[in-house]
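This report refers to the structure that appears directly beneath it.
Index from 1, following the sequence. Here the structure is a predicted model, which means the values were calculated and not measured.
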Amino acid sequence: MPKTPVTFDRSWLPEFNRLIADDGPWHKWELFQLALEAEEALAVKNFDQLQALKFLPSLKPYPHQLATAEKVLNEMRGRAILADEVGLGKTIEAGLILKEYMVRGLAKKVLILVPASLVIQWTKELNQKFGIPAVAQKKEYMWRQYDVVVASIDTAKRDPHRRHVLSIDYDMLVIDEAHKLKNKRTRNYQFVREIKKKYCLLLTATPIQNEMEELYNLINLLRPGHLGHTEAFASTYVEGKRQAKNNDQLRQEISKVMIRNRRSDGGIRFTQRRVQSVPVELSPEEWALYDGVTRFVREHYRSQAGGFNALALITLQREVCSSREAAFMTLYNMHQRAPEGSPTQQAIQELVDLIKRIETHSKAAKTAELIKRINDKVIIFTEYRATQNYLQKYLSEHGITSVPFRGGFKRSKKDWMTDLFQNRAQVLIATEAGGEGINLQFCNQVINYDMPWNPMRVEQRIGRVHRLGQERDVHIYNLSTKGTIEEHILHLLYEKIDLFEMVIGELDEIVERMSLGKSLEQNVIDIIMDSQSEREMALKLDNMGKVIRAMRQCVSPNLSPTQSEASR
């Protein structure tokens, strides 16, 4: 074995011996002071104290956001469901928690999974507000090259991306719109469960929507076994799909993994909502179409003739209140499926002939008139793509610039449409994809062109503009065609249950207490389709409204019967 020569550098030794003999000077006093100040600045004097705030001088979190971050850090050990109501800043809370773990050296490799339309928004906020070097995933190599990656869950779960994601040990996983993981049999749920993560944040404004099992699945994804095995959870806490038992015990267990701040908790100031109903008078030709479709839907709903399922018939009933274009597309598809020459096909052809006679579009005309009167940026929400396309064409013909926004757009196109709306166009015409996740608080005018039958979706829409950071009052205009089912629905949501003035979060608690057996939306559908006359339907919807108002008094006993009227 060859000998390796070893040498020593002893040139420093004479100077060191001199310093020992003279007792210094060891260094400059100014440098020692600077070193001491640096150590004091970095010292963690209290482990419970948030350190990230020292590195975020321009960020001014709200008290509830600070409290949330501290609770996740000190009590939940980095695994939590952030379930604040819409508009309270769950993204800020998640960014604050992530920054804290990074400052403490506890998190370096981070994956953030969000809907495709929110990837750029998340990336910008993490970089600009928190100084976190997040990148939007675009290429396969980025999973390993960058430490903080923001990606669409739909992209991440597909090969070859899936293979990379599942092979990496992540320090923290953040998932936005986590309620979409409520079904444990979906690919998304199975994929997220397989991701290796030390800490995990699930963000959702609606942690439980339909069944107790959904809440269990969400918590089990975060902390497996926290609520026991499926059978144990069911026997201990569940009585019916939506009914809970042993509520106090269940609430205590949930509070260990979930934080839900509400607007009603106080200390959080929001601007006012100004709600206005805008009635629309139909032309005689439009009335003839509405009456014809209503008869057709009810006859086929009860008899199940023609082979149409209930959903298609209900959709047609709603579309005829939206636009002739939306109703035409559904009727065309029904005509193609109906037996050749059958009475059903003939009835559909008669309805199509009625559409051809319509030369006016009263609802679109009212919308254009309203936009010109507002003379500001406006978001229009519609349920149907055919209506969206028609509205864009109609507004253009009347000198109003608009851009569309819908779920089928790729991420880059959604970002482009949002940017065009903010900087160039007056109107954004959105389908339900526009009611989810994105922040549009630079606008404060919302037109509900079509009214959803699910009140939670109404709130999702309004939450895009009525949120923390909105400095102006929000104006909401609800269009309804007079004398139609649309007017009855608006009457129920607005006048009977004060949906638009109701504190967010009250409605889900009310519905849960009512033990309807079905969702509120499905109960509304049943009432409409099973009623023998307009009067019977109006009476049943009125009774439902009274029950919800009575239940609301139980949930919020301090609310006086006239309080909502006073706030209008």
Side-chain angles (χ1 to χ4, degrees), residues 86-87 270-282 321-323 325-326 360-384 387-406 417-436 438-452 457-482 486-487 489-491 493-495 498-501 567-568:
V86 176
F270 285 86
T271 57
Q272 294 292 313
R273 290 182 179 184
R274 309 293 183 185
V275 185
Q276 181 179 338
S277 291
V278 182
V280 178
E281 289 276 4
L282 294 179
C321 294
S322 177
S323 70
E325 287 71 21
T360 59
H361 199 309
S362 303
K363 206 172 187 183
K366 178 65 74 172
T367 302
E369 175 190 322
L370 184 59
I371 292 170
K372 289 179 178 179
R373 193 175 80 228
I374 291 171
N375 194 29
D376 198 355
K377 290 193 179 294
V378 179
I379 302 171
I380 299 176
F381 281 105
T382 176
E383 298 267 276
Y384 311 106
T387 300
Q388 182 188 48
N389 292 336
Y390 176 78
L391 271 176
Q392 190 175 13
K393 176 176 176 291
Y394 185 91
L395 294 179
S396 177
E397 291 171 351
H398 288 76
I400 299 171
T401 56
S402 66
V403 292
F405 192 99
R406 55 176 174 263
M417 292 298 105
T418 304
D419 185 72
L420 283 175
F421 175 47
Q422 183 168 7
N423 298 304
R424 306 186 78 169
Q426 184 184 356
V427 177
L428 179 77
I429 309 172
T431 57
E432 286 314 303
E436 196 170 73
I438 59 173
N439 298 333
L440 299 169
Q441 59 260 53
F442 57 84
C443 174
N444 71 323
Q445 308 280 344
V446 175
I447 295 177
N448 284 312
Y449 192 87
D450 306 313
M451 184 63 66
R457 283 170 53 204
V458 179
E459 187 50 52
Q460 286 285 339
R461 290 177 173 186
I462 300 170
R464 297 310 99 221
V465 298
H466 194 232
R467 55 198 301 115
L468 290 176
Q470 178 59 264
E471 298 177 353
R472 299 177 291 172
D473 288 350
V474 172
H475 296 266
I476 303 155
Y477 306 90
N478 300 310
L479 299 186
S480 67
T481 45
K482 292 181 69 175
E486 194 172 54
E487 186 179 46
I489 294 298
L490 183 58
H491 180 71
L493 297 181
Y494 180 36
E495 296 183 20
D498 296 321
L499 171 70
F500 300 96
E501 283 79 20
S567 68
R568 291 181 187 170

Report yes if the side chains of Tyr394 and Thr367 come closer than 4.5 Å at any heavy-atom pair, otherwise no.
-> no
So SG of Cys443 and CD1 of Ile379: to nearest 0.5 Å the spacing works out to 4.0 Å
Atom of Phe405, atom of Leu428 and distance for their closest heavy-atom approach = CB-CD1, 3.7 Å
Would you check if Leu479 and Glu486 make a side-chain contact, meaning some heavy-atom pair closer than 4.5 Å?
-> no
Rounded distance (nearest 0.5 Å) linking atom OG1 of Thr382 with atom CG of Asp450 = 3.5 Å
For residues Tyr390 and His361, report the shortest heavy-atom separation together with the two atoms involved.
-> CE2-CD2, 3.3 Å
With rounding to the nearest 0.5 Å, note down the distance linking CG in Asn389 to OG in Ser323.
-> 9.5 Å
Quick one: are Tyr477 and Val275 in side-chain contact, heavy atoms under 4.5 Å?
-> no
Hey, are Asn478 and Ser277 close enough side-chain-wise for a donor-acceptor pair under 3.5 Å?
-> no
Close side-chain approach of Asn444 and His475, heavy atoms under 4.5 Å | yes
Shortest non-hydrogen separation from Val465 to Val446 and the atoms involved | CG2-CG2, 3.6 Å
Between Gln388 and the options Arg406, Glu325, Lys393, the side chain to side chain donor-acceptor pair (under 3.5 Å) test singles out Arg406
Within 45° cone of Phe442 ring axis and under 6.0 Å: Lys377 NZ or CZ | no
Taking side-chain contact (heavy atoms from CB on, under 4.5 Å) as the test, write out the residues that go with Gln426, two or more places apart.
-> Ile371, Ile400, Thr401
Could you tell me the separation between the CD1 atom of Ile374 and the CD1 atom of Ile447, rounded to the nearest 0.5 Å?
-> 4.5 Å
Hey, could you give me the CD/CD1 distance between Gln445 and Ile380, rounded to the nearest 0.5 Å?
-> 11.5 Å
Pair Lys482-Glu281, salt bridge (charged side-chain N to carboxylate O under 4.0 Å, His left out): steps then yes or no | CA-CA 6 Å; Lys482 292 181 69 175; Glu281 289 276 4; 3.1 Å; yes
Within a strict 4.5 Å, meaning less than it, do heavy atoms of the Pro404 and Met417 side chains meet?
-> yes
So how far is it from Ile429 CD1 to Phe421 CZ, rounded to the nearest 0.5 Å?
-> 10.5 Å
Got more than 12 heavy atoms from elsewhere within 6.0 Å of CD, Glu397?
-> yes
Evaluate the side-chain proximity of Ser480 to Met451: yes if any heavy-atom separation is below 4.5 Å, no if none is.
-> no
Which of Arg461, Gln441, Arg472, Arg273 passes side chain to side chain donor-acceptor pair (under 3.5 Å) with His466? Answer is Arg273
